[in-house]
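Have a look at the structure below, then the notes.
Computed from a predicted model, the values in this text were never measured in an experiment. This chain uses plain numbering: 1 for the first residue, then up along the sequence. Both ligands and their constituent atoms are indexed starting at 1 by order of listing.
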Amino acid sequence: MSDDRTFVIIGASQAGGWVANTLRNEGFEGKVILLGEEPYLPYERPPLSKAALLGEVTVDSTYFWQQEALDEANIEVRLNTKATAIDREAKEVVIEGDDRIAYDKLAITTGARVRELPIDGAQLPGVFYLRTMEDTLAIREAVKEGSTAMIVGGGWIGLECAATLTKLGCKSVVVEALDRLCARAITPEISDWLLQFHLGNGVDIRLNTGVEKFEGDGKLERAVLAGGENIDCSIAVVGIGVIPNAEIAAEAGLDTDDGIVVDDHARTSDPDIFAAGDVANHPNDLLGRRLRLESYENAQNQGITAGKAMLDKAESYAEIPWFWSDQFDVNLQMIGVPENWDETATRGDPAKNEFVTFYLKNGVIDGAISINNPRDLRFGKRLMQANKTVSVADLSNPDIKMQALLKG
Ligand SMILES: Cc1cc2nc3c(=O)[nH]c(=O)nc-3n(C[C@H](O)[C@H](O)[C@H](O)COP(=O)(O)OP(=O)(O)OC[C@H]3O[C@@H](n4cnc5c(N)ncnc54)[C@H](O)[C@@H]3O)c2cc1C
């Protein structure tokens, strides 16, 4: 049976790509149009600060779907196409140049953009941000072995960048305004572990400080830190967080609050408009609150939920958040958003760079962080999902298998 409806998706990246593919996987036969501002097919961002920055992968290999697969699925991808407004009354998306595309249903997967550093010299050539493939290619081009790279921000992007640029032969200097690394995301002990780990790998880290200005004659030559210290550097990468691209939704009158407000089916305050990924502020029953996640798994799975909801195949999106990061030879993984825990249990040996720390609230796992131990973390996730009561003594005891705790 033919379907003459058109479903439009604004934002041709991970979440948007999954919306489009889910529509097809679920049998939608109408028109699917994916609008993307960037010049590339939907690509994976995690390699941007890792393998792609190291130069180990090609641009094409980061694509979620090659052009042939998108053609085969009859997904129309319009690249270099920015949506500028949503006319909800006419049910049209306005694109740059004032063309309009009519939609029956619309998904907004516009992700997030970098927060800019409002200091003198931030516009100098040599000062970079890291969000897009273009950013990675530009940084790679500018990296000089043996020179100093200044990293502003000791969060995930900053630390991954510090590790990768060190591997490329740079001296990486990280400045972080707060008193510990990744303070928004992880617990103080893991921040401290990360600090020692990076120092041990030759990264220079300065906490409780910031860059006051960048200086140079036509290009970046030095960073002046708060307090006056000058650090000569040839490049700087700023990683101080992102801002959700929710303006297009807010201007169209949709509810927004740190992102586009959606329900557990990725529905916005307009029944014909959906949102998913980094831009979506959603409720999570397991955590008992709303949140906006900036993670790979969320972009994929919430995109799938949105695609199904557009076809009225509503499926509640409630997953335990999961995130990973790779830095030097360490794979860090995190489940949940640990907060207000009353006990912790560590399994493994932090000194050997292989352990998991569990955070418990009333005897139940509330979150966990693993360093080079994804297996125990996976079992921890199952314990968390099952809401199982476990003791610190059992969790910390390497002689008791995690599987046994699930059965117990
Ligand atoms: C360098 C880097 C490393 C990362 N590493 C990890 C990791 O190790 N582990 C992990 O879990 N997560 C990681 N992430 C996070 C993960 O990649 C993101 O959560 C994910 O990309 C979000 O996908 P998204 O589709 O929601 O948004 P985005 O990827 O931000 O995509 C949104 C797209 O919409 C486009 N767009 C915006 N506005 C418009 C408009 N008006 N018209 C048309 N197009 C528009 C944008 O150009 C962009 O292409 C990393 C992110 C970065 C940047």
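More than 12 non-hydrogen atoms from other residues, nucleotides or ligands lie less than 6.0 angstrom from CZ of R24.
Classified by interplanar angle (parallel below 30°, tilted 30° to 60°, perpendicular above 60°), the ring pair F197/W193 is parallel. Aromatic ring pairs are classed by plane angle as parallel below 30°, tilted from 30° to 60° and perpendicular above 60°; the pair F28 and F7 is parallel. The aromatic rings of W341 and Y359 stand perpendicular to each other, their planes meeting at an angle above 60°, with 30° marking the opposite boundary.
If you check the side chains of S191 and E189, you find no donor sitting under 3.5 Å from an acceptor.
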Quick one: table the atom pairs, ligand 1 N or O against protein N or O, below 3.5 Å, distance rounded to 0.1 Å.
unit_1   : atom_1 : unit_2 : atom_2 : d
ligand 1 : 5 (N)  : K50    : NZ     : 3.2
ligand 1 : 8 (O)  : K50    : NZ     : 2.6
ligand 1 : 8 (O)  : W324   : O      : 3.0
ligand 1 : 9 (N)  : W324   : O      : 2.9
ligand 1 : 11 (O) : Y296   : N      : 3.1
ligand 1 : 12 (N) : Y296   : N      : 3.3
ligand 1 : 19 (O) : D278   : OD1    : 2.7
ligand 1 : 19 (O) : D278   : OD2    : 3.4
ligand 1 : 19 (O) : S295   : N      : 3.0
ligand 1 : 19 (O) : S295   : O      : 3.4
ligand 1 : 25 (O) : Q14    : N      : 3.3
ligand 1 : 25 (O) : A15    : N      : 2.9
ligand 1 : 26 (O) : D278   : N      : 2.9
ligand 1 : 29 (O) : S13    : OG     : 2.9
ligand 1 : 29 (O) : R45    : NE     : 2.5
ligand 1 : 29 (O) : R45    : NH2    : 3.3
ligand 1 : 30 (O) : A112   : N      : 3.4
ligand 1 : 30 (O) : R131   : NH2    : 2.7
ligand 1 : 31 (O) : S13    : OG     : 3.2
ligand 1 : 31 (O) : R45    : NH2    : 3.4
ligand 1 : 41 (N) : A83    : O      : 2.9
ligand 1 : 42 (N) : A83    : N      : 2.9
ligand 1 : 44 (N) : E37    : N      : 3.1
ligand 1 : 49 (O) : E38    : OE2    : 2.6
ligand 1 : 49 (O) : R45    : NH2    : 3.2

For residues 360-371, tabulate all N or O donor-acceptor pairs below 3.5 Å that involve a side-chain atom, not counting sequence neighbours.
unit_1 : atom_1 : unit_2 : atom_2 : d
D366   : OD2    : E339   : N      : 3.3

